[in-house]
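As structure tokens, the structure follows; a few thoughts come after it.
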Number of protein chains: 2
Amino acid sequence: MSPIPGLNKQKLVEAAIELANQGGMEAVTMHALAKKLEVRPPSLYNHIKSLEDLRQQLASVAIIDLYNNMEKVAKGKEALEAISAISKAYIAFAHKYPGLYEATLIKSDNSILVVKETGDKMVQLFKELLAVYHLDEKETIHHIRGLRSILHGFATLEQKTGFGIPININESLEYVLHTYFNGIKKG
Amino acid sequence: MSPIPGLNKQKLVEAAIELANQGGMEAVTMHALAKKLEVRPPSLYNHIKSLEDLRQQLASVAIIDLYNNMEKVAKGKEALEAISAISKAYIAFAHKYPGLYEATLIKSDNSILVVKETGDKMVQLFKELLAVYHLDEKETIHHIRGLRSILHGFATLEQKTGFGIPININESLEYVLHTYFNGIKKG
DNA sequence: TTATTAAACTAATGGCATTAGTTTTTAGGT
DNA sequence: ACCTAAAAACTAATGCCATTAGTTTAATAA
């Protein structure tokens with residue numbers, strides 16, 4: 001009835017984030033989103049190109065958000081402590097915002113500029129923190145891959161299976177990171 | 001035209017695996033599968049309950065397949081060597097059969113008995129290999145979580161981003177595992 | 001030879017994304 | 001105050017997909 005501008009891209013993305021966190025990315029449909037925003041599905045197209053476009057927006061918001069959390073908790077801390085804090089923040093993010101975390105895993109990954117750039121910034125953040133170990137470039141890359149794998153692995157396996165065993169996940173993460181850095185030091 | 005029994009569940013699953021490995025799980029649709037098998041979509045329902053049912057079949061086949069690979073390459077090897085072999089097999093599987101690997105990540109995970117059981121067997125396999133370190137139960141669980149996370153993380157991040165950096169992934173995996181076990185030994 | 005049944009089929013339904021074309025309101029210029 | 005243009009909502013329609021209902025056909029077993 002009313003073409004009064006009530007929506008905008010931001011409101012849309014915010015509503016989509018709620019849907020994602022509640023029901024996973026598969027719950028993010030044009031129909032569900034329209035219902036939540038009390039408009040008809042075609043109205044959404046005044047603000048986004050397509051569902052795929054929306055997913056890319058979500059991915060961008062999500063990865064930037066995640067990166068900002070990581071950077072924030074790392075600030076001012078010494079390397080090992082910073083990486084520990086980053087790791088906890090990473091897992092906490094995936095736990096608190098499962099839909100957003102899922103959004104970061106979008107398939108058309110490195111074709112989305114912001115996603116790629118933010119991924120690079122994550123690598124850079126780790127690189128700076130690992131600098132205290134005076135490793136050569138190649139070794140540093142290996143370790144960054146290792147750390148990112150541990151974080152993503154923990155985040156995924158927690159969401160999927162809860163690891164099936166009732167032992168606190170942060171305790172495991174702490175232990176695993178301790179083990180890993182012990183391995184670096186005594187390389 | 002012909003109600004001659006031409007299909008069965010196995011043929012269906014095999015065709016679905018091909019679709020998945022070629023175009024990802026999103027390419028596994030009833031229509032695409034019917035086309036590949038040269039039947040009409042409703043005919044498929046004589047062999048599977050639904051698309052969700054098919055996805056669960058794929059997940060089961062995939063995780064069993066993956067586990068069998070892991071067990072096979074571990075057989076007869078000493079612990080560290082076995083875990084190295086398992087890791088390579090894991091990454092190779094995810095690389096060679098990306099659709100199958102994606103299938104293992106099904107959401108209704110621990111509600112599918114076979115998937116849960118096979119997951120438990122993986123844990124058990126690692127447990128036996130880690131026995132040589134004489135760790136207590138809790139520590140062992142931590143390390144198993146760590147190793148699984150590394151493997152899943154490597155598999156995922158390779159598929160998604162290729163890590164963005166042109167350094168051989170198996171070399172990184174080898175290095176990361178070496179670092180991790182170095183950390184265990186000198187715990 | 002006939003009856004049963006498995007497994008194919010056609011036809012139809014309903015959900016979803018998307019497009020085309022229409023209407024309504026707001027905002028800015030006269 | 002009025003008119004025009006554009007933004008943003010709407011309705012209607014299309015096409016794809018999963019799924020169900022009901023029908024047909026051919027192989028098997030009595």
Side-chain angles (χ1 to χ4, degrees), chain A residues 1-61 99 102-103 105-108 111-112, chain B residues 1-61 99 102-103 105-108 111-112:
Chain A
M1 287 302 176
S2 72
I4 302 170
L7 290 184
N8 54 50
K9 201 169 199 165
Q10 194 189 332
K11 282 185 186 174
L12 237 131
V13 170
E14 281 169 8
I17 289 173
E18 276 191 49
L19 285 177
N21 285 331
Q22 283 163 15
M25 281 301 283
E26 72 185 7
V28 181
T29 68
M30 298 302 267
H31 276 71
L33 189 55
K35 191 169 187 184
K36 192 177 187 72
L37 293 166
E38 297 179 302
V39 295
R40 301 293 180 156
S43 303
L44 302 174
Y45 290 84
N46 285 315
H47 306 281
I48 52 170
K49 272 218 317 278
S50 65
L51 183 57
E52 180 56 25
D53 176 40
L54 177 62
R55 292 204 181 107
Q56 297 194 0
Q57 299 289 330
L58 285 183
S60 301
V61 168
E102 192 184 345
L105 302 173
I106 192 170
K107 282 206 168 169
S108 40
S111 68
I112 309 170
Chain B
M1 289 301 176
S2 72
I4 302 169
L7 288 185
N8 55 50
K9 200 170 200 165
Q10 195 190 331
K11 281 186 186 170
L12 236 128
V13 169
E14 280 169 8
I17 289 173
E18 276 190 49
L19 286 177
N21 284 331
Q22 283 163 15
M25 281 299 284
E26 73 186 7
V28 181
T29 68
M30 298 301 269
H31 276 70
L33 189 54
K35 190 169 188 184
K36 192 176 186 72
L37 292 166
E38 296 179 303
V39 295
R40 300 294 179 159
S43 303
L44 302 175
Y45 290 86
N46 286 314
H47 307 281
I48 51 168
K49 273 218 316 279
S50 64
L51 183 57
E52 178 56 24
D53 177 40
L54 177 62
R55 291 203 181 109
Q56 297 193 0
Q57 300 288 332
L58 285 183
S60 301
V61 168
E102 192 184 347
L105 302 173
I106 192 169
K107 281 207 169 170
S108 41
S111 69
I112 308 170

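Numbered from 1 within each chain, the chains take letters A, B, ... in sequence-line order. Every heavy atom of this structure was used, including side-chain atoms; hydrogens, water molecules and symmetry mates were not.
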Rounded interatomic separation in angstrom, taking CG from Leu7(B) and P from dA27(D)
15 Å
Point-to-point distance, once rounded to the nearest 0.5 Å, from CD1 of Ile112(B) to CD1 of Ile106(B)
4.0 Å
Take atom CZ of Arg40(B) and atom C1' of dA11(C), then tell me their distance rounded to the nearest Å.
12 Å
Of residues 10-21 of chain B, the positions that come close to DNA chain D - non-hydrogen atoms, cut-off under 4.0 Å
none
Heavy-atom pair with the smallest gap, counting every atom of Ala32(A) and Ala27(A):
CB-O, 3.8 Å
Say you draw a straight line from CG of Asp53(B) to CG of Leu44(B); how long is it, rounded to the nearest 0.5 Å?
11.5 Å
Listing time: all N or O pairs from protein to nucleotides 13-17 of chain C that are below 3.5 Å?
residue : atom : partner  : partner atom : Å
dA17(C) : OP1  : Met30(A) : N            : 2.8
dA17(C) : OP2  : Met30(A) : N            : 3.1
dA17(C) : OP2  : His31(A) : N            : 2.9
dA17(C) : OP2  : His31(A) : ND1          : 2.8

What's the spacing between His47(B) NE2 and Leu7(B) CG if we round to 0.5 Å?
4.5 Å
For Leu37(A) and dA8(D), give me the distance from atom CG to atom C1', rounded to whole Å.
14 Å
To the nearest 0.5 angstrom, please state how far the NZ atom of Lys36(B) sits from the CG atom of Leu19(B).
5.0 Å
Look at the side chain of Lys11(A) and the backbone N and O of Gly6(A), then say whether any donor-acceptor pair between them is shorter than 3.5 Å.
yes
When rounded to whole Å, the NE2 to C1' distance for the pair His47(A) and dA9(D) reads 8 Å
Output the distance between atom CG (Leu105(B)) and atom CE (Met25(B)), rounded to the nearest 0.5 Å.
9.5 Å
Between Ser43(B) and dA7(C), is there a side-chain N or O to OP1/OP2 distance below 4.0 Å?
no
In whole angstroms, how far is the P atom of dA18(D) from the CD atom of Glu26(B)?
13 Å
What is the distance from NZ of Lys49(A) to P of dT18(C), rounded to the nearest Å?
11 Å
Figure out the CD/P separation between Glu38(B) and dA8(C), and round it to whole Å.
13 Å
Atom NZ of Lys35(B) with >12 non-hydrogen neighbours under 6.0 angstrom
no
I need the CG-C1' distance between Leu54(A) and dT18(C), as an integer number of Å.
14 Å
Taking atom CD of Glu102(A) and atom CZ of Arg55(A), what is their separation to the nearest 0.5 Å?
10.0 Å
Does the base of dA6(C) carry an N or O that pairs as donor and acceptor with the side chain of Asn46(B) under 3.5 Å?
no
